[in-house]
K.L.:
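Starting off with a structure, shown below.
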Amino acid sequence: MLFEFDDVVVRFGEDVALDHVTAQVPDGGSVTCLLGASGSGKSTLLRLCNRLEVPTSGTVRFRGQPLDDLDPLRLRRTVGMVFQRPTPFPGTVRDNLLVADPDATEDAMHTVLEQVHLPVSFLDREADSLSGGEQQRGSLARTLVTGPEVLLMDEPTSALDPTSTKALEELGRELADSGMPVLWVTHDLDQADRIGDRRIVLVGGRVADEHQAQHYLDSEDAFHHHHGDETHQGHDDPTEHDEGADRGAG
Amino acid sequence: MEQGDVGWWGLAISLLLVAVAIGISMWRRLGLEQSMLVATGRALVQLLAVGYVLAIIIDPDQPIAYAWAWLAFMVPFAAWTVSRRAPEVPGVFGLALASLTASTVVTAAVIFGLGIFPVEARAIVPIGGMMVGNAMTSTVLAGRRVVEEFSEKRHDVEARLALGQPWTEASRPGLRSALRSAMTQQIETTKAVGLVFLPGAMTGLILAGVDPVDAVRVQAAIMFLILGAVAINVVVIGTGVTRRLFTDDHRLVRIARTSG
């Protein structure tokens, strides 16, 4: 198993973000979607995987080893992460890649830019002058340059327009098809259908059983059909997401 | 009566200006009359009490240990004030105590060790007070800036941590920016001195009849020492608070949102 969550509880003060979660994510090149509404605990579950959060109780294992036994810095270089919003660091795209790996060669930088379908000329562009979609692909390139074996995607398309969303989804798929396990957090059922090989549905901080998952998926589906395109645009609007609630209140 | 000497009668007359302030509050319905009266009363009582205590401490016949004791008392009191003004800063009292002690010890060593001012109670008490007072303000500012910085730039810091950077590295840009902004204020004050405002020590000396150029020399020395004290403070408190915001396993702790 790539990740095992064994009776994991995460509390933030009074709030319970994850409530006795037991789940497994198999190893190998595939996309596992963590699906759930805002505040269901899906981002918290993802953040446990590279130890940006730690469980209040329970155990998380990475390839059989409890995370407590692993060096967090090495773990994070093995398990890379792309966040909800692009996080360009000051300077050019090259500067950004060098922050991630100060020893990155010019060849390595070219390779990761090709992997995320950005032209090599972008190396000398100011990172914050790129479009949202380009910045997000730049963030992915920056993660890839550290040579991760696993990729965590925390609602990476929620701030992007439909075209950029499609491009990033395709990148995720390509990486998985090339053998990299990808964990992809989303609240968007259609996105999970497009890219996911399997899904873990979270409802109120718990892993939903078949029945609850179906109920959640049905209600999401009904919501989409009812609201049509309007809903889609809503989902692309970053202001719609209360990240604090998602991570904090869980 | 010497120049600049305010007698009891003069002090009473100055209360007329408080009456003006209260009049304005009533006229504009600010509802601040009572708090103005309380503030005026407290200021009078506190200052008079301090004046009487200082008279004893500064008396050249008393042992100089009294003056050092006074300074030693001021540091924890200032740390306590910092902790009340910046409660959102984790571990604020201990860190403020450490940073204020560090800056007071270093500056006092320079001022008195190198003989800039004589080792006398009448120098130790007011200069120490100015050091600690200014350092206190900068401690509040720096502590708050660091907390704000890491709260606002959580995304940036976590992106760096997620790349496998240790907290010391991931926090560097945020800490640098917080230290810069906390120190800039003192640098601006230092630049504007004499042009925009006449600082307290100089004003006091001139009022007491000292030659303005002599007063300026004293003030300039004090300003430079304050700049040094502020720099020491800002670095100690900034680094200390930053350490508190990260766990040993390189996570950024949750920072409670505050309105202040």
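Hydrogens, waters and symmetry mates are skipped; everything else that's a heavy atom, side chains included, is used. Chain naming here is simple, since letters A, B, ... match the order of the sequence lines and numbering starts at 1 in each. This is a predicted model, so every value here is computed, not measured.
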K.L.:
Select one option (side chain, backbone, both, neither) describing which atoms of B:Q165 are under 4.5 Å from chain A's heavy atoms.
P.N.:
both
K.L.:
Would A:R61 and A:D68 pass as an ion pair if we require N to O under 4.0 Å?
P.N.:
no
K.L.:
For A:F122, does the six-membered ring have the charged nitrogen or CZ of A:R137 within the cation-pi criterion, i.e. under 6.0 angstrom from the centroid and within 45° of the normal?
P.N.:
no
K.L.:
Checking heavy atoms, do the side chain of A:R142, its backbone, both or neither come under 4.5 Å from chain B?
P.N.:
both
K.L.:
Let me see the working for A:D19 and A:R11 under salt bridge (charged side-chain N to carboxylate O under 4.0 Å, His left out), right down to the final yes or no.
P.N.:
CA-CA 8 Å; A:D19 191 5; A:R11 268 180 224 280; over 6 Å; no
K.L.:
Using non-hydrogen atoms and a 4.5 Å limit, figure out which bit of A:V54 sits close to chain B: side chain, backbone, both or neither.
P.N.:
both
K.L.:
List the steps, then state whether salt bridge (charged side-chain N to carboxylate O under 4.0 Å, His left out) holds for B:R254 with A:E53.
P.N.:
CA-CA 10 Å; B:R254 279 163 194 283; A:E53 305 290 354; 2.7 Å; yes
K.L.:
Heavy-atom pairs under 4.5 Å with chain B: which of A:V82, A:L152, A:V145, A:T87 has the most?
P.N.:
A:T87
